[in-house]
Amino acid sequence: MNHAIYDAAQQAIADGAFNAETLPQIILEVPPQKEFGDYATNFALQAAKAARTKPRTIAEAIVKRLKEDWLEKAEIAGPGFINFYLKADVIYDKLAAIIAVGENYGTLDKKQGERIQLEYVSANPTGPLHVGHGRGAAVGSALVNLMRAAGYDVQSEYYINDAGNQIDNLAASVNVRYLELLGQTVEFPENGYHGQDIVATAQRIVDGYGDKYLKMDASERLNVFKELALQEKLAALKEDLAAFNVQFDVWFSERTLHQANAIQETCDFLLGNGNIYKKDGALWLKSTAYGDDKDRVVIRDNGVPTYLAADIAYHRNKLERGFSTLINIWGADHHGYICRVKAAIEAMGYEGKALEVLILQMVSLYQNGELVKMSKRTGQSVTLSELIEEVGTDAARFFFIMRSIDSQLDFDLDLAKSKSNENPVYYIQYAHARICSIFRQAEEAGLNIAAKPDLTRLTMPAEIDLIKKMADYEDEIAYAAKERAPHRIARYVHELAGAFHSFYNQCRIMGVEPEIAEARLVLVGAVKNTIHHALTILGVSAPEKM
RNA sequence: GCGCCUGUAGCCCAGUGGAUAGAGCACUGGCCUCCGGAGCCAGGGGCGUAGGUUCGAUUCCUACCAGGCGCACCA
């Protein structure tokens, strides 16, 4: 269709109808009202300036030269829009094509050449995941699914911060709880973790080994507890994420960077190309040369690398693995970190735009009308597993994904609990279950489910609307993936479910003449596949019964 | 002070420079002797403020106001 318009425009120029050296991109859109046709373009308006010709003149010249067999008519409207009215067959051809690909409708052709890595969650293994991590987990996993459906080559990864101070604090915290359980009074470490899960970990050590570690040298005991706690926390993380329908292709341990001497090598490399210098006994990254506000310490004056140093080595490692694009999902509280990591990437000779950081705005939990603090250290945060227990994986995921990542999310626990049946996710799942029910009954009634009916029997407005809505799905997938916006799919599938429910109330399947019944059955079968496909991207189940 | 995000219906949010700005919740009134009423149909209500760019701005730019989050040799 774009080609036809382009050709007509070229022909018009050749015929001297108007002059233009460069033509704007042709963008087709669905007009706001049905009277404006099936598709419309503002091409003539866009071209008007360069051509120094009235938009309507250009539009007329193009319309006069459009002769396509799929086109019923093309009209000029308003300041110069061209509205296209398709022949009725086109929509039935599209439906037939949707039916032909079955459950794969919405899965686009593979793109070539680009390898993308998506890193998300990457919460420290020092305690349970909370609801903020939940948003990252839901959005990240949905984005992986979405981009894969759109044909991108994506690998997902979780970065385990299993080295550094926070792990030492974890060990120290467990140690204190262990000693307390054995009757000793010990001062709690300053940066320790106060969560109940730490007490539980200590309790399990007591249950398993008694006072075996009591007589052990303190530093040795800390080392043992560090490993025990780390294994336990990591296992708990994986369990929570699995319950939340989140899987990772790669679990990347920060320790492997230290063990492989990667941080030292990266620093040497940057020293070598002049992007790291020594000052006040520390090593500094010259990030101001790449747009940062100030230079950043990478190796402290005591010789210990900063978190940034490990992160630079980590991103170097990612790039050396051959990814052309690195997507990171970070919480809003880390946005100030973007600039320095990009600076480091450029300092290593890569393009800054290879790193794409998606900033996820904060989640605030409300309970009894009051803000619930989410600090891990107070131990009073609501954890992801508690949230799942309260509202379920499907509702929690949908709730997290349905909003743009740029908006803060107020999650009202009471509302989610008490009114969970009014959550939009149920509206969508209900549509799916309803269609499944129709098929069960159609089978009992002896309708031919496998028939290849005459689709042109679908002429009711509700039927046409439903087909058109479904026809939009592939474009929606492509656009949402390009924009990294999984919330668009949540919105789309809600609208599709709405179009179905509307159809359902107007068009019966059972008890009408068989040819129409079979055509409608094929139609709702395609809707069922599309809803299922979209919900799968969101990581939400599509039940056959509710 | 500097940086990032946000400001759209009573509430919570969509919205790709286009035509009469859309869903949900809430509210009001209708719809099953019939495929699942967790549903459908109808109704009222509006882009933070002030400029600018444009044929055209909710969308882009600037300033201001308001809310959130950052601004470590912590992670």
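Just so it is clear: chains get the letters A, B, ... in the order the sequence lines come, proteins before strands, and each one is counted from 1. Note: hydrogens, waters and symmetry copies are ignored here, and every other heavy atom, side chains too, is used.
- Among the heavy atoms of the strands, none lies under 4.0 Å from A:Asp293.
- For A:Ser407, the side-chain atoms get nearest to B:A14 when compared with the rest of B:A14, B:G18, B:G3.
- Taking only side-chain atoms of A:Arg403, from C-beta outward, the nucleotide of B:C35, B:A75, B:A14 with the closest atom is B:A14.
- OP1 and OP2 of B:A75 both lie 4.0 Å or more from every side-chain N or O belonging to A:Asn161.
- Nearest nucleotide to the A:Asn124 side chain, out of B:A14, B:U16, B:A75: B:A75.
- The phosphate of B:G36 has OP1 or OP2 within less than 4.0 Å of a side-chain N or O from A:Gln441.
- The CG atom of A:Leu365 sits 9.0 Å away from the CG atom of A:Leu409 when rounded to the nearest 0.5 Å.
- Residue A:Tyr504 and nucleotide B:G39 are not classified as a stacked aromatic pair, given the requirement of ring centres less than 5.5 Å apart at an interplanar angle below 30°.
- Nearest nucleotide to the A:Arg434 side chain, out of B:G39, B:U6, B:C35: B:G39.
- Distances from the side chain of A:Arg491 to the nucleotides B:U16, B:G22, B:C35 place B:G22 closest.
- One cannot find a donor-acceptor pair under 3.5 Å joining the base of B:G70 and the side-chain atoms of A:His334.
- A:Tyr314 and A:Tyr159 have parallel rings, their planes meeting at less than 30° on a 0 to 90° scale where 60° marks the start of perpendicular.
- Remark: ring of A:Tyr430 does not overlap the six-membered base ring of B:G36 in a stacked fashion, as centroids less than 5.5 Å apart with planes less than 30° apart are not both met.
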- Pairs counted as Watson-Crick or G-U wobble with both distances under 3.5 Å: what dot-bracket string results for RNA chain B, using | for bases tied to another strand? (((((((..((.(....[...).)).(((((.......)))))....(((((..]....))))))))))))....

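- Candidate nucleotides B:G70, B:A14, B:U16 were compared by shortest atom distance to the side chain of A:Arg488, and B:U16 ranks first.
- For the residue pair A:Gln166 / A:Asn161, no side-chain donor-acceptor distance below 3.5 Å is found, with atom types taken as modelled.
- Between A:Arg520 and A:Val512, the closest side-chain pair of non-hydrogen atoms falls below 4.5 Å.
- Of the possible donor and acceptor atoms, none in the side chain of A:Ser502 sits under 3.5 Å from a partner among the backbone N and O of A:Gly498.
- The side chain of A:Arg440 sits closest to B:G36 out of B:G36, B:C34, B:C5.
- Out of B:G24, B:C69, B:G36, the shortest distance to the side chain of A:Ala433 is found at B:G36.
- As rounded to whole Å, 16 Å separates atom P of B:A23 from atom OH of A:Tyr492.
- Side-chain atoms of A:Ser502 lie closest to B:C40 of the nucleotides B:G15, B:A19, B:C40.
- A donor N or O paired with an acceptor N or O is found under 3.5 Å between the base of B:A19 and the side-chain atoms of A:Asn83.
- Under the side-chain contact (heavy atoms from CB on, under 4.5 Å) criterion, A:Glu346 pairs with A:Tyr290, not counting sequence neighbours.
- Figure legend: cation-pi geometry between A:Arg434 and A:Tyr504, with NZ or CZ positioned under 6.0 Å from the six-membered ring centre and within 45° of its axis.
- Stacking between A:His501 and the base of B:A38 is absent under the criterion of ring centres within 5.5 Å and planes under 30 degrees.
- Candidate nucleotides B:C73, B:C40, B:G36 were compared by shortest atom distance to the side chain of A:Tyr427, and B:C40 ranks first.
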